[in-house]
Amino acid sequence: MSRTFYSLRYFNYRLWFVGALIANVGTWMQRVAQDWLVLAILPNGSGFAVGIVTGLQFLPMLVLSPFAGLLADRLNRRKMLIATQGSMGVLAAGLGALVLTDTAELWHVYVFAFLLGVAAALDSPVRQTFVAEMVPAADLPNAVGLNSTSFNAARLIGPGVAGLLIAAVGPGWVFVINAVSFGATIFSLTLMRTRELHPMPHTRRGKGQVREGIEYVRRRSDILTILVVVGVVGAFGLNFQLTSAVMAREEFGLGAGEYGILGSILAIGSLTGALMAARRRNPRVGLVIAAALAFGVTTGVQALMPTYELYALLCIPVGFFSLTMMTAANTTVQMSTEPAMRGRVMSLYMMVFLGTTPIGSPIVGWVAEAWGPRWSVGVGAIASVLVAVVAALWAKRSWHVTVHYSLRSRPHLVLVGPRERSVQHAEREERDRTRAALGAQEARQGSETA
C-alpha cells in the first residue's frame with residue numbers, strides 16, 4: 001500500500017475514516033447553511049451576526065477544553081466519542097426542525113451554536129487522541145494526515161452540495177441531513193474490533209491534573225511557539241466561513257451557490273496539503289512557522305483580487321498552506337507529548353487553535369462592515385505574516401537555529417537547531433571513528449604483507 005494511505009490497512013482506522021468522512025461532509029454542509037441562514041434569510045442578519053454565531057460556536061473551547069482534555073485522559077475514548085457525536089446530531093436535528101417550521105429566529109441560532117460548541121469542545125480532544133489508539137505509534141503521523149484528508153475531502157464536497165441544496169430546498173433540510181450523517185461515525189465506532197486497538201494509559205483521579213497539563217506545556221517552548229502561531233492565525237486568518245460569505249455576497253454580489261463553490265475550491269488546496277502531510281514522517285516547528293508565513297502572503301494577495309474568478313483561484317494555495325500549518329502543528333504536538341498527558345495537551349492546543357475564534361471572528365466581522373469585505377481577508381493576512389516573522393526571529397535567537405537553502409538538493413529549505421546539530425556531530429564522530437578503524441586495519445594489512 002502507498003505510504004500516503006498506509007494507515008488504511010488497519011481495520012479500525014478504515015471504519016473510522018469512512019464514518020468520519022460522511023460526518024464531516026454533513027458538518028461542512030451545516031456550516032455553510034448556518035452562515036447563509038444568518039446572513040441572507042433571517043431578519044437582522046449581517047456579517048457581524050455571522051461573526052457572533054461563529055464566536056458562540058467556538059467560545060466553549062476557551063472554557064471547557066482543559067477539562068475536556070482531562071476527561072479524554074481518564075475515560076474510555078471510544079464510548080465518549082459515541083456520546084459527543086450523538087449529541088451533535090440531536091442539536092443539528094433540533095435546529096433543522098425550527099427552520100423547517102418557519103419558527104427559527106436569530107437568537108435560536110445563537111443558542112444552538114453555543115450548545116453545539118459545548119459538544120464540540122468535549123469531542124475535540126478525545127477525537128484527536130483516539131487516533132493514536134487505532135494505529136501503532138510509528139504510523140501516527142500518517143493517520144493524522146489522513147484525518148486531515150478526510151476533513152478536507154468533506155470540505156471539497158460539503159459546501160458545494162450545501163449551496164445547491166440551499167438554493168433548491170432551503171437550509172432546514174441541510175441541518176437534517178447533517179444530523180443523520182453523525183450516525184455514520186457512531187456506527188463505525190460500534191463496529192470496531194476493540195482487541196485490535198492500541199489503548200493509551202489512562203490518568204487516575206487526582207488533584208491538580210488540569211494544572212499539571214498547563215505546567216507541562218509551559219515548560220515546552222516548542223509547543224508554546226506552535227500555540228502562539230496557530231492561535232493568531234486561527235483567530236484572524238482562518239475565518240473562511242465569514243470572509244467567503246461576505247466576499248461572495250457583498251463584494252461580488254453573488255448567491256449561495258457561488259459561496260459554496262468558494263469552500264469547495266479552498267478544499268482542493270487543503271486536500272492536496274493533507275495528502276502531502278500523510279507522507280511526511282517527522283514534521284517540525286519550522287514547518288508550522290513557514291506555512292503560516294506562506295498562508296499570510298497568499299491570503300494578502302487574495303484580498304486584492306479584482307474578480308470572483310481570481311479570488312476563487314487563490315483559494316487553492318490559501319487552502320494548501322493553511323492545511324499544511326494545521327497538520328504539522330497537530331502532528332508535532334501529538335508526537336512530542338507523553339501519552340499519559342496527550343489528552344490534556346491536545347485540549348490546550350485545540351483551546352488555543354479553535355478557542356481564539358470567539359475573539360477574532362467578531363472582530364473580523366466588524367472589520368467587514370466598517371472597512372469592507374476585502375479588509376476582513378486582509379487583516380488575517382497581516383496578522384499571519386507578523387506572527388510568523390516574530391516566531392521565526394525568536395526561534396533563531398533562542399534556539400540558535402540556522403537556515404540552509406539549496407535549489408539543487410531536497411529538501412530545499414532546512415532549519416538546523418541544537419538537536420539536529422548534536423545528531424550531525426555524533427554522525428561525524430562515528431564517521432571519523434570508522435575511518436580511523438579502517439585506516440588502522442589497512443596499515444596492519446600492509447605491514448603483514450611487507
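Because the structure is predicted, anything quoted here is derived from the model rather than measured. Hydrogens, waters and symmetry mates are skipped; everything else that's a heavy atom, side chains included, is used.
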- Query: Given the rule in the side chain to side chain donor-acceptor pair (under 3.5 Å) test, do Arg220 and Ser336 qualify, once you have shown the distances and angles that lead to the verdict?
  - Reply: CA-CA 10 Å; Arg220 293 283 304 273; Ser336 63; 3.1 Å; yes

Worksheet item: Is it true that a side-chain atom of Glu258 and a backbone atom of Gly255 form a donor plus acceptor pair closer than 3.5 Å?
Response: yes

>> Test your reading of the model: is there a side-chain donor-acceptor pair from Thr84 to the backbone of Leu81, 3.5 Å cut-off?
In response: yes

For a 4.5 angstrom cut-off between non-hydrogen side-chain atoms, does Ile382 reach Trp375?
yes

Result for side chain to side chain contact (heavy atoms under 4.5 Å, CB included) between Ile226 and one of Val230, Ile223, Val229 points to Val230

Here the pair of heavy atoms bringing Ala245 nearest to Leu39 is CB-CD2, 3.8 Å

- Item | Within-4.5 Å side-chain heavy-atom neighbours: Cys315 and Gln302 | yes

Under 3.5 Å, is there a donor-acceptor pair linking the side chains of Asp139 and Ser7?
no

Task: Side-chain donor/acceptor of Arg374 to backbone N/O of Ala303, under 3.5 Å - done: yes

In terms of heavy-atom contacts, Leu242 and Asp35 come closest through N-OD2, 4.4 Å

Note: Leu165 and Met29 closest approach over all heavy atoms is CD1-CE, 3.4 Å

| Is there a donor-acceptor contact under 3.5 Å from the side chain of Ser376 to the main chain of Pro373? | yes

Between Thr101 and Leu98, the two heavy atoms sitting closest are OG1-O, 3.2 Å

Practice task
Report the relative orientation of the aromatic rings in Tyr13 and Phe17; use parallel for angles under 30°, tilted for 30 to 60°, perpendicular for over 60°.
Solution key: tilted

Taking the side chain as every heavy atom from C-beta outward, state whether Val387 and Val233 have any pair of such atoms under 4.5 Å apart.
yes

Intermediate values then yes/no, side chain to side chain contact (heavy atoms under 4.5 Å, CB included), Asp123 and Met88: CA-CA 9 Å; Asp123 179 85; Met88 287 190 281; 3.8 Å; yes

- Side chains of Met192 and Met134: closer than 4.5 Å at any heavy-atom pair? yes

Note to self: Using only atom types and a distance under 3.5 Å, with no angle test, would you say the side chain of Thr185 pairs donor to acceptor with the backbone of Gly19?
What the structure shows: yes

Does any N or O in the side chain of Asn178 come within less than 3.5 Å of the main-chain N or O of Val174, such that one atom is a donor and the other an acceptor? no

Any non-hydrogen side-chain atom of Phe114 less than 4.5 Å from a side-chain atom of Pro60? yes

field: Worked check of side chain to side chain contact (heavy atoms under 4.5 Å, CB included) between Val385 and Phe295
entry: CA-CA 8 Å; Val385 169; Phe295 168 79; over 6 Å; no

Heavy atoms, side chains only, cut-off 4.5 Å: are Leu42 and Glu105 in contact? no

Value for CE (Met80) from CD (Gln85), rounded to nearest 0.5 Å, stands at 11.5 Å

Could you check whether atom CZ of Phe187 has more than 12 heavy atoms from other residues, nucleotides or ligands sitting under 6.0 Å from it? no

Taken to the nearest 0.5 Å, the spacing of Gln30 CD from Leu95 CG works out to 6.0 Å

### Message
Set out, in order, the CA-CA distance, both residues' side-chain angles and the distance that settles side chain to side chain contact (heavy atoms under 4.5 Å, CB included) for Tyr308 and Ile261, then state yes or no.
### Response
CA-CA 11 Å; Tyr308 172 82; Ile261 288 171; 3.7 Å; yes

Phe252 and Thr307 have their tightest heavy-atom pair at CE2-C, 3.4 Å

Minimal heavy-atom distance between Phe236 and Gly360, with the atoms involved, is CE2-CA, 4.2 Å

OG1 of Thr331 to CE of Met326, rounded to nearest 0.5 Å, is 11.5 Å

Quiz prompt | Note, Met346 side chain near Val126 side chain (heavy atom, < 4.5 Å) | solution = no

Closer than 3.5 angstrom, by distance alone: can the side chain of Ser244 be matched with the main-chain N or O of Phe240 as a donor-acceptor pair? yes

Answer with yes or no whether the side chains of Tyr216 and Arg219 bring together a donor and an acceptor at under 3.5 Å. no

One should read off an interatomic distance between Leu140 CG and Asn330 CG, to the nearest 0.5 angstrom, of 8.5 Å

A side-chain contact here means heavy atoms from C-beta on lying under 4.5 Å apart; do Pro306 and Tyr311 qualify? no

The single option from Arg127, Arg77, Arg78 that satisfies salt bridge (charged side-chain N to carboxylate O under 4.0 Å, His left out) with Glu133 is Arg77

Here the gap from Ile268 atom CD1 to Ile316 atom CD1, rounded to the nearest 0.5 Å, amounts to 5.0 Å

So CG of Leu70 and CG of Leu75: to nearest 0.5 Å the spacing works out to 8.5 Å

Are Leu262 and Leu266 close enough, and set up right, to give a side chain to side chain contact (heavy atoms under 4.5 Å, CB included), and what steps lead you there? CA-CA 6 Å; Leu262 286 179; Leu266 184 79; over 6 Å; no

